[in-house]
J.: 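One structure, pasted below without further comment.
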Amino acid sequence: MTMVAKRVLLFQIAATLLLASAVAAAASNTTAAIPMPGCPNKCGEFDIPYPFGIGTNCSMEGFDITCAADPPKPFFRTGNIEILRISLVDHEVTVRIYMAKWCKDQAFHANTSVDYPFLFSATRNKFTVVGCSTLAYINGENDDTDSYTSGCISTCHEESSVSEGPSCDGLGCCQTSIPTELMVFNTYFDFNFDKGNVESFSPCSYAFLADQDWFQFDKSKLTEDFGKKNNDRTPAVLDWAIRRPASCPEAEAHPETYACRGGNTTCLNSTSGVGYRCMCSEGYTGNPYLEGGCQDIDECQLPLLYPCFGVCTNKPGGYDCTCPPGTLGNATEYNCTDIPSKFPAPARLAVGSSATIVALGALISCVIGRTQKSKHKRERESFFRKNGGFKLYEEILSKRLDTFKVFSEEELQRAADNFDDKRVIGCGGYGMVYRGILDDQRVVAIKKSKKVDERRKDEFVDEIIVLSKINHRHVVRLLGCCLELDVPMLVYEYVSNGSLFEVLHPEHHASHLPLQARLTIAEQAAEALAYLHSATTRPITHGAVKSHNILLDDDLSAKVSDFEASHLVPVDEEEFIAFVQGALGYLDPECMQTHRLTDRSDVYSFGVLLLELITGKKAIYTDTAGEKRSLATSFLVKMKEQRLRDILDGKMVVEGGEQLLGEVAAIAMECLSMKGEERPSMKEVAERLHSLRRFR
Ligand SMILES: *[C@@H]1O[C@H](CO)[C@@H](O)[C@H](O)[C@H]1NC(C)=O
Ligand SMILES: *[C@@H]1O[C@H](CO)[C@@H](O)[C@H](O)[C@H]1NC(C)=O
Ligand SMILES: *[C@@H]1O[C@H](CO)[C@@H](O)[C@H](O)[C@H]1NC(C)=O
Ligand SMILES: *[C@@H]1O[C@H](CO)[C@@H](O)[C@H](O)[C@H]1NC(C)=O
Ligand SMILES: *[C@@H]1O[C@H](CO)[C@@H](O)[C@H](O)[C@H]1NC(C)=O
Ligand SMILES: *[C@@H]1O[C@H](CO)[C@@H](O)[C@H](O)[C@H]1NC(C)=O
Ligand SMILES: *[C@@H]1O[C@H](CO)[C@@H](O)[C@H](O)[C@H]1NC(C)=O
Ligand SMILES: *[C@@H]1O[C@H](CO)[C@@H](O)[C@H](O)[C@H]1NC(C)=O
């Protein structure tokens with residue numbers, strides 16, 4: 001670039017900056033890290049992509065960064081906050097902020113604030129308190145100066161009661177979520193809280209907001225080193241967006257200020273706070289905030305991300321992948337096959353008219369392998385097709401469900417020791433469950449599900465795809481499936497300690513499960529259900545919430561299972577009756593009438609589950625007179641007569657006191673409202689259980 005050209009460019013930048021528009025970049029670069037032309041793009045080794053920039057004329061309003069010297073590190077211009085990561089893809093910035101700390105001879109609070117366009121991410125951060133016998137608070141405000149306070153107590157009076165981790169469960173460590181759109185907050189301790197005699201094993205307490213993926217609890221975090229090692233700071237994640245105007249349609253209506261520059265960009269409404277975000281369109285990559293910043297991806301150079309088993313040709317926004325002459329197939333998915341010369345005439349005709357049949361055939365052979373006898377093979381191919389196998393395979397390839405696997409029949413047979421009866425770990429309305437050991441020694445639960453209805457085969461596969469994306473620590477993870485059988489099989493993560501039902505209602509003695517553990521399980525299950533109800537791809541109704549379907553891990557943490565039942569919400573009468581029998585005692589009375597399951601049906605069932613925990617009785621129990629009774633009904637009657645005590649488990653009352661159990665009962669009562677809309681959401685239930693447990 002000549003000097004003159006450069007000067008013209010700078011002049012233009014100056015002239016148009018307030019409109020947040022960039023100039024046509026003479027030389028464009030395909031990395032996202034490109035800065036405004038003529039501006040420094042690095043601070044030390046750190047890349048600074050536009051709209052971020054060093055100096056006001058090099059950044060969009062609010063994205064101004066200073067580069068501290070020696071060693072060079074990027075900071076926000078205001079607030080002295082160090083930047084650790086900038087992402088244009090997630091629209092996140094990770095920053096380093098101070099924690100509050102309380103050691104024997106050192107104690108400080110922490111006040112943190114950021115300015116628009118940044119907000120602390122409610123999904124990526126957690127308020128965490130570490131230490132024994134510690135109560136700490138977080139007090140914050142959003143942009144509208146709405147204020148919010150939350151506290152977290154960690155109780156552990158002796159060393160033996162500290163959790164081993166990694167779960168942060170109130171014993172040595174406590175965690176809560178924060179509200180959305182937080183901009184300013186203080187974290188501080190209640191110095192009056194009786195610390196007791198914990199100094200020897202918990203000399204320091206810490207309270208901080210941090211990236212939840214960063215912090216993992218273990219006992220060693222109680223020592224002074226934890227603070228020192230991190231310079232008393234923690235990484236926290238901020239969301240950002242172009243805040244004005246407030247949404248894409250408004251932004252697109254004003255091209256002169258529209259931040260998504262050049263072509264091949266897409267606008268997305270901000271999901272955290274008002275505003276919008278720019279992305280490169282599919283098939284493009286780069287910096288959507290710069291003129292010409294989005295460049296075509298040459299997919300042919302990235303075979304791992306964009307598979308092509310044939311001839312690859314790049315084109316704007318995508319690529320073509322075709323089979324070479326003389327071969328057939330879908331080359332984006334598998335190797336092309338030679339056009340067979342030995343096909344009988346009619347078959348060849350069919351092939352000629354429909355390449356997809358050959359394509360399907362080729363896929364089957366690649367999925368199933370070649371060693372099987374042909375009859376069995378044909379059968380399996382047909383099941384695979386009938387069960388929607390191809391559709392699933394396409395999805396797995398196109399959506400890159402990389403933690404999900406399609407298993408072959410042999411693999412699962414081997415894993416479950418030929419489905420030996422000794423391997424059965426459960427059976428229910430929806431199938432038999434076997435314990436299996438995969439070739440890589442992973443222990444799994446293999447479920448032979450109910451037959452897939454031909455009419456619902458597409459739904460079934462869609463369901464599997466949705467479920468495979470669910471990732472929550474209190475939801476049993478779906479690892480894969482096998483569709484080569486008449487009855488499809490699903491492969492789940494193995495949960496070692498059986499179901500809550502077994503633990504609550506052992507056959508020969510009373511349950512040993514303490515109240516504290518029960519409340520923790522309830523909260524975790526509620527959290528998991530709330531997560532399913534708000535799942536991003538599509539909200540999921542569990543449809544069969546009961547103690548049989550809450551599994552327990554070896555540390556007694558809850559894992560919700562069997563949520564795939566939801567796709568089987570019955571349509572015909574016969575199925576419906578079977579369904580009702582399976583859910584007896586837990587079933588939402590409204591659903592009985594409407595035949596429709598909603599997230600509030602799960603809330604009702606959860607109410608019954610809460611009763612099971614505080615009364616020790618089954619959902620349908622036998623009373624002293626030998627009569628079968630519904631726990632929900634008995635409970636409602638006792639509540640009305642104000643004789644709750646009669647139905648509570650005496651041992652629980654001793655452990656928790658009547659008041660606490662009364663509060664749990666009050667939550668259950670609301671869950672059991674006859675009208676769905678009067679029931680709280682699962683999220684509210686989870687939060688109330690959380691605060692009950694915390695402030696006990
Ligand atoms: C930024 O641009 C303005 C004009 O818009 C100009 O007055 C100012 O000097 C520039 N600042 C710097 C540091 O270049
Ligand atoms: C892109 O930028 C990098 C350094 O940031 C440079 O090495 C590379 O040559 C540039 N590529 C093009 C095509 O301009
Ligand atoms: C932090 O915030 C608290 C509560 O708002 C306030 O009392 C304290 O003075 C602040 N500390 C600093 C260093 O700003
Ligand atoms: C973005 O938000 C606006 C206003 O809230 C709405 O009209 C528009 O449909 C949204 N666009 C998308 C893609 O969600
Ligand atoms: C999108 O990118 C292609 C190059 O891949 C380019 O030819 C086209 O002009 C761009 N579209 C716009 C609207 O700029
Ligand atoms: C495709 O062919 C290549 C070599 O021709 C082979 O290595 C590869 O395993 C084949 N892939 C599949 C899925 O059959
Ligand atoms: C090949 O498979 C992909 C992914 O499922 C699909 O989008 C494409 O249409 C298929 N191509 C042909 C020629 O059938
Ligand atoms: C979990 O199960 C194992 C054996 O299955 C048992 O040894 C252990 O005590 C159980 N843990 C709890 C907390 O019940």
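Worth knowing before you read on, the calculation uses all heavy atoms, side chains too, and leaves out hydrogens, waters and symmetry mates. In listed order, ligands and their atoms are each counted from 1.
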J.: Please tell me whether F127 and F208 form a close aromatic pair, meaning their ring centres lie under 6.0 Å apart.
T.: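 Not close enough - the centres of the two rings lie 6.0 Å or further apart.
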J.: Can you report which non-hydrogen protein atom sits closest to atom 7 (O) of ligand 4, along with the distance?
T.: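 Of every protein heavy atom, P249 CG, 4.1 Å lies nearest to atom 7 (O) of ligand 4.
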J.: Is it the case that the ring center of Y50 lies less than 6.0 angstrom away from the ring center of Y289?
T.: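 Distance test on ring centres: not under 6.0 Å, no.
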J.: Is it true that E670 and R688 have a side-chain N and a carboxylate O under 4.0 angstrom from each other?
T.: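 Here E670 pairs with R688 in a salt bridge, since their nearest N and O are under 4.0 Å apart.
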J.: Below 4.0 angstrom, N of the basic side chain to O of the carboxylate: do D320 and K315 qualify?
T.: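 Salt bridge flag = yes for K315 with D320.
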J.: Between C267 and C278, is the SG gap short of 2.5 Å?
T.: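 No, because the SG atoms of C267 and C278 are not under 2.5 Å apart, which misses the disulfide cut-off.
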J.: Would you say the side-chain atoms of Y276 pair up with the backbone N or O of A259, donor to acceptor, closer than 3.5 Å?
T.: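 Flag set: sc Y276 to bb A259 pair under 3.5 Å.
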J.: Is any heavy atom of the protein nearer than 4.0 Å to atom 14 (O) of ligand 5?
T.: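 Within 4.0 Å: yes, protein heavy atom nearby.
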J.: Could you tell me the residue and atom name of the protein heavy atom closest to atom 4 (C) of ligand 5, and the distance to it rounded to 0.1 Å?
T.: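 For this ligand atom, the closest protein heavy atom is Y284 OH, 4.1 Å.
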J.: Just need the protein heavy atom nearest to atom 1 (C) of ligand 4, so name the residue and atom and give the distance.
T.: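 Ranked first by proximity to atom 1 (C) of ligand 4 is N269 ND2, 1.4 Å.
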J.: Just jot down the ligand 5 atoms closer than 4.0 angstrom to any heavy atom of D296, in number order.
T.: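 In order of number, 5 (O).
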J.: For ligand 5, which atoms have a heavy atom of G263 less than 4.0 angstrom away?
T.: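 This gives 12 (C), 13 (C), 14 (O) as the contact atoms.
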J.: Any idea which atoms of ligand 5 are less than 4.0 Å away from a heavy-atom of N264?
T.: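 With N264 as reference, the close atoms of ligand 5 come out as 1 (C), 2 (O), 3 (C), 8 (C), 10 (C), 11 (N).
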J.: Got the closest protein heavy atom to atom 5 (O) of ligand 4, with its distance?
T.: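 Its nearest protein heavy-atom neighbour is S247 CB, 4.4 Å.
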J.: Going by a strict under-4.0 Å cutoff (protein heavy atoms only), does atom 9 (O) of ligand 5 have a neighbour on the protein?
T.: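 When distances to the protein are checked, atom 9 (O) of ligand 5 has no heavy atom within 4.0 Å.
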J.: Which of the numbered atoms in ligand 5 are below 4.0 angstrom from a heavy atom of P316?
T.: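 Counting from 1, the qualifying ligand atoms are 5 (O).
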J.: Would you say H91 and D239 are linked by a side-chain donor-acceptor pair, where the criterion is simply a distance under 3.5 Å?
T.: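 No.
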